[in-house]
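Beneath this line is the structure, given in structure tokens, with notes to follow.
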Amino acid sequence: MPLVIGVPAESAAGEKRVATVPDVVGKLIQLGFSVAVQSGAGAGANCDDEAYRAAGAEIVDGASALWAKADVVLKVRPPTVDEIALMREGATLVAFIWPAQNPDLMQRLAAKRATVLAMDSVPRISRAQKLDALSSMANIAGYRAVIEAAHAFGRFFTGQITAAGKVPPARVFVIGAGVAGLAAIGTASSLGAVVRANDTRPEVADQVVSMGGDFVPVDYVEEGAGVGGYAKVMSEGFQKAQRDVFAREAKDADIVITTALIPGRPAPQLITVDMVRSMKPGSVIVDLAAEQGGNCELTVPGESVVRNGVTIIGYTDLASRLAKQSSTLYANNLLRLTEELCKAKDGRLNVDMNDEVIRGTTVIKDGAITWPPPPPKLTAAPTAKPVPMQPAAKPAAAPAAARAHGHGGGAPASAGKSAAMFAAAAVVFTFIGANAPPAFLPHLTVFVLACFVGYMVVWNVTPALHTPLMSVTNAISSIIVIGALVQIAPPAPYIPFDVRRPGWILTPLAVTSIALVTINMFGGFAVTRRMLAMFRK
């Protein structure tokens, strides 16, 4: 019997997301599973019961019936105590769990002999990117943070000059350049704001610039990258230098967006009360770390408050405010995880603890708590073999004449070689000019000039443009079609394919060359157009 995947309605207040969408239901069925969805589970994400039923899912009335039926439960938020009570003994649960912050939840799930895979524990390695639900939700939260800020700001983001007056662009400061921070930078920049950003990891500076922002460094040298690409707790010296930067930027900013989080710890408080007081009336702070306590001392999780004329937004459901989009991305993350667990496509799960991705995601296996997982294995770079030191070669003695003029021996030798090559070329061309037919010389001159100009044009072009350049030159070289046309249409009188006429075989060859050149010509310009489109923003 294939396992039944159950999708209950989220019981958390205000949560509109759902763990799977109708488009993904069919793909889960193709893996061999049966899918049951609680009636009304997708209403908040604009996914009605009829859409699920049309995709092949069974609609179940009530949470009790759904939890009792499901062998595998797909959820968004961690289950409540009541939901755990409804859960079948030995069932599998896939959801956001946050095991470091919820030890009691872990114990209750272990008592049910459950197998639990936490989407917040997916390893940050390249092979697991398709399962990375944290990045999917952070991307949406960063975008939504800018939208919420724009709503509360009450002014244009982009600068304008109108007959009614001049509007300066909004100044946005983003703290943290992870997935959410980069999404916020890109969104605010696309709306026309002047965006500046800071992160403890200096290597993300290029990413900030690529999204349209300016990176604001901290004048303190310390490595800020932690395990899995997250930031780490910095030293007191760095934090003091960082606070000075934040105080200066907050004073000038119209909007501050904070995204700083450290796994397994409360959110670091980076925006102090004094910084809030220094901000201009009407400014906005959006605290994406509000659910973990907030990066601002005045943040109230789940609410938007006004302090000293500054609006501080501490919503904890930013991803849920784009429920359709976030549900679709999350459902795709769960689908990719299910594919990893069911490679045989037989409707059964294989929680392979030897698989690095599955091991990192699994926090409870058959009632045994397996969290935290071992650190991800990093592929070490091969150790370079030491190269024995070679004694430096003594420079050859320069000729006396060269030493007298202050030159080494290399330059005169190179100049002499070039002069010899030019002299030889001059002799060859003189011989050709004296003996070749008069009609040959103009063709030779054009050929030599074409080679020289072509070489210089390619040599001076940026290497990144070599492919479109070569496709263009292929198209331009198709001018040889003119010669083929001349062969096809020689002066009258003319009898096609007359074997008595000298050169009669040139006609079919010319026709063939025209066909091939036509492909080369149009193909060259088509490839050029596609290649150049890659360089346009």
Side-chain angles (χ1 to χ4, degrees), residues 15-17 19 76-78 95-98 100-101 118-126 128-149 172-190 195 197-201 204 207-208 210-213 224-232 256-268 270 285-296 299 301-302 313-334 336-337 360-361:
E15 181 57 72
K16 299 179 181 179
R17 290 174 292 178
V76 179
R77 290 185 176 267
F96 284 106
I97 300 297
W98 309 109
Q101 290 93 334
M119 296 306 292
D120 48 276
S121 296
V122 173
R124 285 291 180 94
I125 59 177
S126 58
Q129 286 182 352
K130 59 185 178 182
L131 319 177
D132 193 354
L134 279 177
S135 293
S136 299
M137 299 301 103
N139 182 28
I140 295 173
Y143 171 86
R144 184 69 190 197
V146 177
I147 303 304
E148 295 291 344
V172 179
F173 180 56
V174 180
I175 298 176
V179 176
L182 291 174
I185 293 168
T187 305
S189 178
S190 66
V195 185
N198 171 267
D199 195 281
T200 58
R201 300 160 294 173
V204 304
Q207 300 176 35
V208 171
S210 69
M211 297 301 293
V227 177
Y230 293 98
K232 69 173 186 179
V256 175
I257 298 175
T258 68
T259 69
L261 283 172
I262 299 173
R265 293 173 176 266
L270 306 175
I285 297 175
V286 183
D287 194 341
L288 270 69
E291 193 166 7
Q292 304 301 326
N295 296 138
C296 177
T299 295
I313 299 174
Y315 297 148
T316 57
D317 60 346
L318 290 175
S320 180
R321 290 172 181 247
L322 290 171
K324 179 69 173 181
Q325 183 68 77
S326 55
S327 297
T328 301
L329 295 182
Y330 184 64
N332 285 328
N333 293 140
L334 292 181
R336 302 308 173 198
L337 176 61
T361 307

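Fair warning: this is a prediction, and the values are worked out from it, not measured in the lab. Counting begins at 1 with the first residue of the sequence.
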**Study point:** Shortest non-hydrogen contact between A133 and N333, atoms and distance
**Key:** CA-OD1, 3.3 Å

Exercise for review: May I ask you to decide if C296's main-chain N or O and D287's side chain share a donor-acceptor pair within less than 3.5 Å?
Suggested key: yes

Check your understanding: Which pair of heavy atoms, one from P123 and one from A128, lies closest together, and at what distance?
Key -> O-CB, 3.4 Å

Check your understanding: Is any side-chain heavy atom of F96 closer than 4.5 Å to a side-chain heavy atom of R77?
Key -> no

Practice item. Output the distance between atom CD1 (I285) and atom CD1 (I313), rounded to the nearest 0.5 Å. Key: 10.0 Å

Study note, to complete from the structure: Correct closest heavy-atom pair for T259 and G176 would be OG1-O, 3.2 Å

Point to revise | Main-chain N/O of A19 paired to S327 side chain as donor or acceptor, under 3.5 Å | key: no

Practice item. With R321 as the cation and Y315 as the aromatic partner, state whether NZ or CZ is under 6.0 Å from the six-membered ring centre and within 45° of the axis. Key: yes

Review point. Where the side chain of S190 meets the backbone of T187, is there a donor-acceptor pair that is under 3.5 Å apart?
Key: yes

Exercise for review: List the atom of L318, the atom of E148, and the distance in Å for their closest heavy-atom pair.
Suggested key: CD2-CG, 3.9 Å

Check your understanding: If you round to the nearest 0.5 Å, how far is OH of Y143 from CD of Q325?
Key -> 9.5 Å

Point to revise | Contact summary for V195 and S189, nearest pair of heavy atoms | key: CG2-N, 3.7 Å

Review point. Listed by chain and number, what are the side-chain contact (heavy atoms from CB on, under 4.5 Å) partners of A197, not counting sequence neighbours?
Key: V174, I185, V208

Study note, to complete from the structure: When every non-hydrogen atom of V179 is compared with those of S135, the smallest separation belongs to CG1-O, 3.4 Å

Point to revise | Gap between atom CG of D120 and atom CG of D132 - 0.5 Å precision | key: 10.5 Å

Exercise for review: Run the numbers on L329 and I140 for side chain to side chain contact (heavy atoms under 4.5 Å, CB included), then give the verdict.
Suggested key: CA-CA 10 Å; L329 295 182; I140 295 173; 3.7 Å; yes

Practice item. Kindly say whether A290 contributes a backbone atom to a donor-acceptor pair with the side chain of N295 at under 3.5 angstrom? Key: no

Point to revise | Donor-acceptor pair, side chain of S320 and main chain of K16, under 3.5 angstrom | key: yes

Review point. Going from CG on L288 to OG1 on T316, what distance comes out if it is rounded to the nearest 0.5 angstrom?
Key: 11.0 Å

**Study point:** Spacing of M137 atom CE and L322 atom CG [to the nearest 0.5 Å]
**Key:** 10.0 Å

Check your understanding: How long is the gap from OG on S136 to CD on Q129, to the nearest 0.5 Å?
Key -> 10.5 Å

